[in-house]
Structures are given as C-alpha cells and as structure tokens.
Amino acid sequence: MSESRETPRNDVAETQAEPTPLRRKPVQQRSARRVEQMLDASAVLIDELGYDALTTTLIAKRAGVAVGSLYQFFPDKRAVVQALTQRNLERFVAAVNERLQELSPEHWWNIVDSVLDIYLRMHREVPGFSKVHFGDVIDVRLLADDRDNNSVIADSLVEILRGHVDRPADELRFAIAIANEVADALLKLAFRRDPNGDERIVAEAKDVVKGYLAGKFGD
C-alpha cells in the first residue's frame, strides 16, 4: 500500500451515524452523567437478559434513576440501545484511529490486524456488545435511516483510512465496503462456533481480507 501524499489526519474521524436519538440533549454535566448511566445500565442488562427482555423500567432501576427521567431523554428502549450502539461505534472509530496513528502503517497487513483486533476486544470486553454488535440484531438500519449499519461502519473506516491511502475515494470506499462485509460474515461465524471467537476462523478472516485488499491495492 502506498502512503498518501496528504498529511495523515491526527484528529479522530467522525462517525457517519445519525445524531444520537435523544429527545433532548443533556446540557448540564449532571444530566450528561445520567444519560451515560442509562446507557451503561442497558449494556449490562443486555448481557444478562438479552434485548427482547430489556425494558425501560429495568434500565431506569439499574441506572438508579426514575423512569420518568429516562423518558425525558429517550422515547423507548430502542432509542436507548441505538444511542448505546452509536457510542460503541464512536469508541471503535476512535480506537482504530489512535492505533493507526501509532502504527504509521505501510501496508494492509497492519491495518487489517488492528481493525479486527479492536473489534474482537470490544466483543469480548465491552458490556452488551457481544449481543448487539453494531445494531443488526435490532435493525439493519439502526445507526442511520439512509444506510445499513455495515455501510455506516465502512464509511467511518474510509474517513480514517483516506489519510493513509493514496487511492481515489470511490475506489477506497468500494474496497472497504466489500472487505467489511466479508469480515463481518466470518467473524459472526467465529463467534457462533466459540463465544470468545474461534481463533482459526478469526485468523482465516484476517487472511481473506488481507488477500482481497492486497489484490486491490498491492502489498
């Protein structure tokens, strides 16, 4: 992979998701903390009960707030989990961006390993993530009304990678979209086989994606 002649972007790339589905945006720090508590509580409850059994009453109780306080910010449990999923995407994008700045990657091998390793770590460590991922379990368009969730993720990765890759934007976007779909399918298989991700399938996913991207952009 050749490096771009542009100066790599050091700022955290913006995600391509819609704004968080809040009824009203918390202005005071106390309100912002309360919203974070609700998101944290929903994540833990999803791990314990699953999305279908989740209710706004349970979220409020676990967060230590009145259910009326939850409704001030969210109309229903779907909106809470949508906000949680968007927060996870923002953290994923920030972690990928930070890792690539450290790597100053010279080829796709480092990029693919970094992106997939961050995803795997979130799947294993972030509460609720293994049940919801980036929203497909709930709605294939949970992150944005005009695109499916995988397209939002691919667009977010393109925003990061365009500072590192000297390729036309449309060519880069198409390749990343295909690589993302392939990786998504194989990682889902890995986690169906093993709750922690079948290591053989994870390794195969990395090899497949690397091979595809190397064929598009070279070693």
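All heavy atoms count here, side chains included; hydrogens, waters and symmetry mates do not.
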**Message:** Please check this pair: side chain of Arg99 against backbone of Val115, looking for a donor-acceptor N/O pair closer than 3.5 Å.
**Reply:** no

**Prompt:** Using 4.0 Å as the upper bound for N to carboxylate O, is an ion pair formed by Asp198 and Arg192?
**Reply:** no

**Request:** Kindly give the heavy-atom pair with the smallest separation between Thr85 and Val132, and that separation in Å.
**Result:** OG1-CG1, 3.7 Å

**Complete:** Across all chains, not counting sequence neighbours, the side chain to side chain contact (heavy atoms under 4.5 Å, CB included) partners of Glu181 are Asn150

**Side chains of Val93 and Leu157 in contact at under 4.5 Å (non-hydrogen atoms)** = no

**Request:** Report the residues that fulfil side chain to side chain contact (heavy atoms under 4.5 Å, CB included) with Lys61, sequence neighbours left out, ordered by chain and then residue number.
**Result:** none

**Message:** Among residues at least two apart in sequence or on other chains, which ones pass side-chain hydrogen bond (donor to acceptor under 3.5 Å, both in side chains) with Asp148?
**Reply:** Ser151

**Request:** Find out whether the Lys NZ or Arg CZ of Lys216 is both under 6.0 angstrom from the six-membered ring centre of Phe174 and within 45° of the ring's axis.
**Result:** no

**Asked** Are Asp184 and Lys188 ion-paired here, with the side-chain N under 4.0 Å from a carboxylate O?
**Response** yes

**Item:** Arg33/Asp40 salt bridge by N-O under 4.0 Å criterion
**Value:** no

**Request:** For Ser130, enumerate each residue passing the side chain to side chain contact (heavy atoms under 4.5 Å, CB included) test, keeping only those at least two apart in sequence or located in another chain.
**Result:** Asp47, His123

**Item:** Smallest separation among heavy atoms of Phe191 and Asn196, with atom names
**Value:** CE2-C, 3.4 Å

**Message:** Whether the side chain of Lys77 engages the backbone of Leu54 through a donor-acceptor N/O pair (distance < 3.5 Å, no angle test) should be reported.
**Reply:** yes

**Item:** Nearest non-hydrogen partners of Ala154 and Ala177, listed with the distance
**Value:** CB-CA, 4.0 Å

**Prompt:** Heavy-atom distance under 4.5 Å between the side chains of Phe73 and Ser31, does that happen here?
**Reply:** yes

**Arg124, CZ: over 12 other non-hydrogen atoms inside 6.0 angstrom** = yes

**Asked** Applying the side chain to side chain contact (heavy atoms under 4.5 Å, CB included) test to Gln82, which of Asp76, Ile138, Leu142 qualifies?
**Response** Leu142

**Complete:** Sorted by chain and number, sequence neighbours left out, side chain to side chain contact (heavy atoms under 4.5 Å, CB included) with Glu48 holds for Val44, Leu45, Arg62

**Prompt:** Between Ser69 (side chain) and Val65 (backbone), is there a donor-acceptor pair under 3.5 Å?
**Reply:** no

**Asked** How many angstroms lie between atom CG of Leu39 and atom CG of Leu84, to the nearest 0.5 angstrom?
**Response** 6.0 Å

**pair Leu120-Leu187: side-chain heavy atoms closer than 4.5 Å** = yes

**Request:** State whether the side chain of Asn149 and the backbone N or O of Asp139 hold a donor-acceptor pair below 3.5 Å, judged by distance alone.
**Result:** yes

**Message:** Check whether Arg141 reaches the backbone of Asp145 with its side chain - one donor and one acceptor, N or O, closer than 3.5 Å.
**Reply:** yes

**Message:** Restricting to ring-ring contact (aromatic ring centres under 6.0 Å, His included), what partner residues turn up for Phe129, sequence neighbours left out?
**Reply:** Tyr119, Phe134

